[in-house]
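First the proteins, then the strands, lettered A, B, ... as listed; each starts at 1.
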Amino acid sequence: MLTAGPLDADLATFCESGLSIVVACSGQDGWPMVGLALACAADVAAQRLRLVMSRDANQALLAAAARSGAIAATFSQPGSHRSIQFKGGLACAEVAQPEDIRRAAEQTDAFCRILVRAGYSETLASAYCAHDPAGLAVLSFSPRDAFLQTPGPGAGGALPR
Amino acid sequence: MSQLNIDAIRDCLEGFVPAKIATCDADGVPNVSILSQVHYVDSGHVALSYQFFNKTRRNVLATRRASVLVIDPVTMAQYRLRLAYLGTQTEGPLFEIMKARLAGIATYDGMEGVFRLLGSDLYRVLSIERVPGPTLPPPPRRSLLAATRRCCARISACTELAELFDATLAELRSLFGIEHAMVLMADTAASRLYTVASQGYAASGIGSEVAFGEGVIGVCAREGVPIRITHATSEYGYGRAIADSARRSGMSWASMTEIPFPGLQQPHSQLALPILGDNRVAGVLFVESTQAMSFWYDDEDALAVIASHLGMMMRAMPHEEAGAPTAAVAAAAPEPARSLVVRHYQADDSIFLDHDYLIKGVAGAIFWKLVREHSQQGRTEFSNRELRLDPEIRLPEHAENLEARLVLLQRRLAERAGCIRIEKCGRGRFRLDVSMRLVLEDVAPAGEPADRGAVQQAARPREGRPMQ
């Protein structure tokens, strides 16, 4: 019997809104690895997340995630501090498609505006979001669980499906 | 260890851009979260703030491994740190340093009251990887080393304690652009600090006190380590600390004998550095700013060197000892028409001139001795030595700090009235200049007779009598 995944329309909208996206996996030597993603595409029907990230900055992470299949990704909104962590498997490293490149541009623009509202200078916010469109890669995975990570009471609790 | 050293990327640890931490559980399932604070310990170690017993915490305790991403707040360059967990400290200097900084970070992040430090997790830095990506060019940096050198050279030329304090603050302004600063000396026996010099405030606040453990200055004194806050936080505000202190000790008397602390109303950056002397905290050098992120790790290092040099200069400054006690008597002069009531409360050696508070504690006891002997014997000249030997003044045996207390008293008198002044008149000697007729009142604690000189037992007598 199929079980519904944690990804619903509300979470999908949140994940695609232009956020801080942090990714982790386990390396071949057992050490954790951390990296940043620039954008996300959430497919509720397929229960699949596509994380768009800089290829050069995350080469080892892309390889390790594809090898182990296990991945964790946290989506955070500066200002509101709303944070959601997804954990899942079936991770796959892919070539970025034109749609991924377009999403990266849109979502980093949105995130840049959030950073400025949060107190960053325009120069710093732009530098934080800067990326080479020709140097992007995708890490896709199937989320199994979602957790609330907003600081405060309830942080770490699993989100109801 | 990689070629990159944590010293080279300390700016990343200022807390401006939150760090990210990845861990795995024993089965290799990853977890990732935002990290409030990565603190520089030394060139091989960092400490991470432990605030919640969450999945990250459980993973660290299980595997002792973490990967942390930090970002330079100036260039936006990213670095991955591979860290090995060593242990957790829940008290002591490292904990207090991180607790203070976390309070500032919490305010900046809008998380005041949510972030609370449970422990400082100490890690060995195994490797640092520069993450490829676009960055901003680093701006030209001012040379803190050159400024520190010039400041130390300048204050090395000082020959008196008051001059040393003032020169230090003046050089902080001219060489470092620090507008708001003060020097406080420690009264270890009373677990308090008192302000002896300040700069950049509407009122000098000379004589104002801070208890050990209160605010940035008090925690610095108690722990003997620098305490630095890069964003405003009410948790370490002096207004609240002082109000609490006043409430505890009884509002009326506390407010009557309290000299307002001169600190900024809304500081956004604060840095307190211990002035060490003979394996104890002799005082605190304190700087603050209305701007956030004014003092970075490098500023802390530079000012720590200056505070250390200040302490060394204080120790090297010889006790000014006159050969023999002096007993100069004032030349007969016409009795001044106006009089001034000097009231001494034995309970805490507090002194009031007419109804205005002057000073208390050891400095109050010193002043009471001076005016008593002036009134009874006509003396005008005194020596540091006789004060040091006087059992009634009750100087702490191992940390007497007499000269600093004389600086304090001299400055309070200069600010207060002008009708009583203290002036140096030779090595280890000073003169008491009095231009009004003094009416001395010695007030015993309630229910006890005064045992020194003439007594008025009423708590606040309306009319005193001259002590002749």
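Sequence neighbours left out, the pairs with a member in residues 54-75 of chain A that pass ring-ring contact (aromatic ring centres under 6.0 Å, His included) are Phe75(A)-Phe86(A).
Within the 4.5 angstrom heavy-atom criterion, atoms from both the backbone and the side chain of Arg65(B) approach chain A. In this structure, chain A has a heavy atom under 4.5 Å from the backbone of Leu83(B), while its side chain stays farther away. Proximity to chain A (any heavy atom under 4.5 Å) is shown, for Asn54(B), by neither the backbone nor the side chain. Neither the backbone nor the side chain of Leu115(A) comes within less than 4.5 Å of any heavy atom of chain B.
Residue with the most contacts toward chain A among Ala66(B), Gly28(B), Pro30(B): Pro30(B) (heavy-atom pairs, distance under 4.5 Å). In terms of heavy-atom pairs under 4.5 Å with chain A, the best-connected choice from Gln78(B), Lys20(B), Arg130(B) is Lys20(B). The greatest number of non-hydrogen atom pairs below 4.5 Å with chain A, out of Asn31(B), Thr23(B), Val68(B), Val74(B), is found for Asn31(B).
For Glu122(A), the CD atom counts as loosely surrounded, since its 6.0 Å shell holds 12 or fewer non-hydrogen atoms of other residues, nucleotides or ligands.
The two residues Leu136(B) and Ala127(A) have their closest heavy-atom pair at CG-CB, 3.6 Å. The two residues Pro18(B) and Tyr120(A) make their nearest non-hydrogen contact at CD-OH, 3.9 Å. The minimum heavy-atom distance linking Gln85(A) with Val32(B) is given by the pair OE1-N, 2.8 Å.
To the nearest 0.5 Å, atoms NZ (Lys55(B)) and CD (Gln149(A)) are separated by 12.0 Å. Considering CG of Leu69(B) and CG of Leu36(A), their distance stands at 5.0 Å, rounded to 0.5 Å.
Side-chain contact between Cys24(B) and Pro32(A) is present, with heavy atoms from C-beta onward closer than 4.5 Å.
Legend: residues meeting side-chain contact (heavy atoms from CB on, under 4.5 Å) with Glu99(A), ordered by chain and number and at least two apart, are Arg102(A), Arg103(A).
Residues of residues 43-68 of chain A lying under 4.5 angstrom from chain B, judged on non-hydrogen atoms, are Asp56(A), Ala57(A), Asn58(A) in numerical order.
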When the side chains of residues 16-28 of chain A are checked against the rest of the protein, which donor-acceptor pairs come out under 3.5 Å, sequence neighbours left out?
| unit_1 | atom_1 | unit_2 | atom_2 | d |
| --- | --- | --- | --- | --- |
| Glu16(A) | OE2 | Ala42(A) | N | 2.8 |
| Ser17(A) | OG | Phe14(A) | O | 2.6 |

